Amino acid sequence: MSDSCGKSDEELTEEFIRLQLELRDKLVVCDTEDWALDMNKLELIGGLDISYDKSDSSRGCVTCVVLNAKNDFEIVYKNNTFIEPINRYIAGFLAFREISFLVKEYDTLKQNGSQFMPQVWLIDGNGVLHPRKFGLASHFGVLVDSAVIGVAKNPYYLNFVDQSVKDDHKRQKLSLGKVGDQFPITNSSDEVIGVALKTSSDCKNPVYVSIGHKVSLNTAITVVLKCCKYRVPEPVRQADIISRQLINQ
DNA sequence: GCGACAG
DNA sequence: ATCTTGTCGC
């Protein structure tokens with residue numbers, strides 16, 4: 001099965017892996033922004049998400065929003081673009097399905113509403129919580145050279161670990177009591193590549209937060225908690241609601 | 001070979 | 001991502 005220039009899955013993933021590793025050299029996994037040292041300076045936070053048409057795989061809608069964290073997360077910028085998805089989703093390579101559309105939204109914002117350029121982006125997907133430590137959030141961060149945080153709803157990394165680690169994860173999930181409770185997620189090299197974070201008192205499932213680009217993990221956690229009225233942080237939640245509503249009408 | 005698989 | 005309603009609880 002192939003869908004990109006007649007290349008086989010093997011050829012495609014080989015190419016994708018090369019690009020992930022190449023771009024990863026530019027990844028910054030510590031705080032570089034002034035607001036990270038003084039969270040009172042954090043005001044504009046961006047969110048991006050893409051929804052797809054359930055009955056027509058050639059239709060999608062990408063929504064870009066910027067919220068004001070200092071004004072109850074009011075939406076100060078919003079742009080929607082209907083898209084024609086080119087590549088199908090391959091686990092571990094989400095960026096190659098979505099990245100071009102996200103970068104286009106970034107460029108549109110820069111051109112039409114640069115005064116709303118967010119200080120940090122929240123992306124629906126993983127950053128370094130990824131088999132090659134370079135998920136969609138990191139990919140986007142490097143390409144647009146901005147601070148980015150990855151927020152995933154499912155623990156994709158669990159597909160690459162032993163049953164014993166899965167059991168541990170299940171136990172640790174049950175130990176999460178209140179909002180802000182968390183436990184680290186470690187890779188086979190004992191590096192902490194993400195965290196399971198409880199963001200809602202009445203939801204049993206945590207979200208999986210990881211460094212995208214130009215933020216530390218601690219800063220990423222602080223920002224996500226700051227943005228949560230519900231389980232999913234507002235910037236991503238709003239982008240998801242809006243894009244889904246538009247693709248279905 | 002079989003099943004699992006961020007969105 | 002998407003297929004899918006009601007229902008229990010605050």
Side-chain angles (χ1 to χ4, degrees), chain A residues 1 3 9-10 12-13 16-17 20 24 47-64 82-103 105 121-141 148-167 169-170 178-179 185 187 193-197 199-213 220 224 229-233 235-249:
Chain A
M1 188 74 75
D3 65 356
D9 273 16
E10 293 69 29
L12 272 182
T13 54
F16 290 167
I17 289 173
Q20 286 179 334
R24 194 177 67 181
L48 284 162
D49 193 45
I50 302 179
S51 289
Y52 299 92
D53 189 324
K54 54 189 175 189
S55 58
D56 183 354
S57 61
S58 74
R59 291 184 68 243
C61 178
V62 52
T63 293
C64 173
F82 285 93
I83 59 166
E84 190 165 328
I86 301 163
N87 302 313
R88 62 188 176 78
Y89 168 67
I90 302 174
F93 305 95
L94 174 62
F96 296 90
R97 174 164 165 80
E98 302 197 331
I99 194 66
S100 65
F101 305 112
L102 302 189
V103 171
E105 286 305 309
W121 292 92
L122 298 192
I123 296 288
D124 199 351
N126 293 306
V128 302
L129 179 50
H130 179 273
R132 286 166 299 282
K133 295 200 288 185
F134 201 73
L136 175 63
S138 295
H139 201 131
F140 177 72
V148 180
I149 295 167
V151 185
K153 293 182 285 295
N154 293 296
Y156 172 52
Y157 88 103
L158 280 188
N159 296 301
F160 306 92
V161 302
D162 297 336
Q163 187 59 45
S164 63
V165 177
K166 290 180 185 169
D167 294 341
H169 183 274
K170 191 172 180 180
K178 60 183 187 304
V179 170
I185 290 164
N187 66 10
I193 54 176
V195 63
L197 178 67
T199 55
S200 166
S201 53
D202 43 28
C203 189
K204 64 172 189 283
N205 290 321
V207 293
Y208 298 84
V209 179
S210 60
I211 293 171
H213 188 49
V224 167
K229 292 180 176 176
Y230 305 99
R231 180 187 176 224
V232 175
V236 170
R237 184 172 161 271
Q238 290 301 328
D240 177 69
I241 291 172
I242 295 166
S243 62
R244 190 194 314 264
Q245 195 260 325
L246 285 175
I247 201 64
N248 285 324
Q249 75 177 8

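Residue numbering restarts at 1 for every chain, and letters A, B, ... go by the order of the sequence lines. Side chains are part of it too, since the values below use all heavy atoms of this structure and drop only hydrogens, waters and symmetry mates. Quantities reported herein were computed from a predicted structural model and do not represent experimental measurements.
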Which part of the nucleic acid, if any, lies within reach of [X] when heavy atoms closer than 4.0 Å are counted: base, sugar-phosphate only, or nothing?
X	value
Asp202(A)	nothing
Leu136(A)	base
Phe93(A)	base
Gly92(A)	base
Asn159(A)	sugar-phosphate
Arg244(A)	sugar-phosphate

Within this structure, what is the [atom1]-to-[atom2] distance between [X] and [N], rounded to whole angstrom?
X	N	atom1	atom2	result
Ile83(A)	dA1(C)	CD1	P	14 Å
Asp240(A)	dA1(C)	CG	C1'	10 Å
Glu98(A)	dT2(C)	CD	C1'	14 Å
Ile242(A)	dA1(C)	CD1	P	16 Å
Asp49(A)	dG7(B)	CG	C1'	8 Å
Asp162(A)	dG3(B)	CG	P	21 Å
His139(A)	dG7(B)	NE2	P	18 Å
Phe140(A)	dA6(B)	CZ	C1'	17 Å

Tell me whether the OP1 or OP2 atom of [N] has a side-chain N or O from [X] closer than 4.0 Å.
X	N	result
Tyr89(A)	dA6(B)	yes
Arg88(A)	dA1(C)	no
Asn154(A)	dC5(B)	no

Could you tell me whether the side chain of [X] and the main chain of [Y] form a donor-acceptor pair under 3.5 Å?
X	Y	value
Ser51(A)	Arg244(A)	yes
Arg97(A)	Asn87(A)	yes
Arg59(A)	Tyr52(A)	no

Out of dT2(C), dA6(B), dA1(C), whichever nucleotide has its closest atom nearest the side chain of Lys153(A): dA1(C)

Consecutive Watson-Crick or G-U pairs in runs of at least 3, all under 3.5 Å, in which DNA chain C is involved: none

Enclosure of Phe82(A) CZ (heavy-atom neighbours >12, cutoff 6.0 Å): yes

Residue of the set Ile211(A), Val128(A), Asn126(A) for which side-chain contact (heavy atoms from CB on, under 4.5 Å) holds with Lys133(A): Val128(A)

Donor-acceptor contacts under 3.5 Å from residues 152-162 of chain A side chains, at least two apart:
| residue | atom | partner | partner atom | Å |
| --- | --- | --- | --- | --- |
| Lys153(A) | NZ | Asp124(A) | OD1 | 3.0 |
| Lys153(A) | NZ | Asp124(A) | OD2 | 3.2 |
| Tyr156(A) | OH | Gly92(A) | N | 2.9 |
| Asn159(A) | ND2 | Tyr156(A) | O | 2.9 |

Heavy-atom pair of closest approach, residues His213(A) and Gly141(A): CD2-O, 3.2 Å

C1'-based separation of dT2(C) from dC5(B) [nearest Å]: 15 Å

Whether Phe16(A) and Phe96(A) hold their rings parallel, tilted or perpendicular, with breakpoints at 30° and 60°: parallel

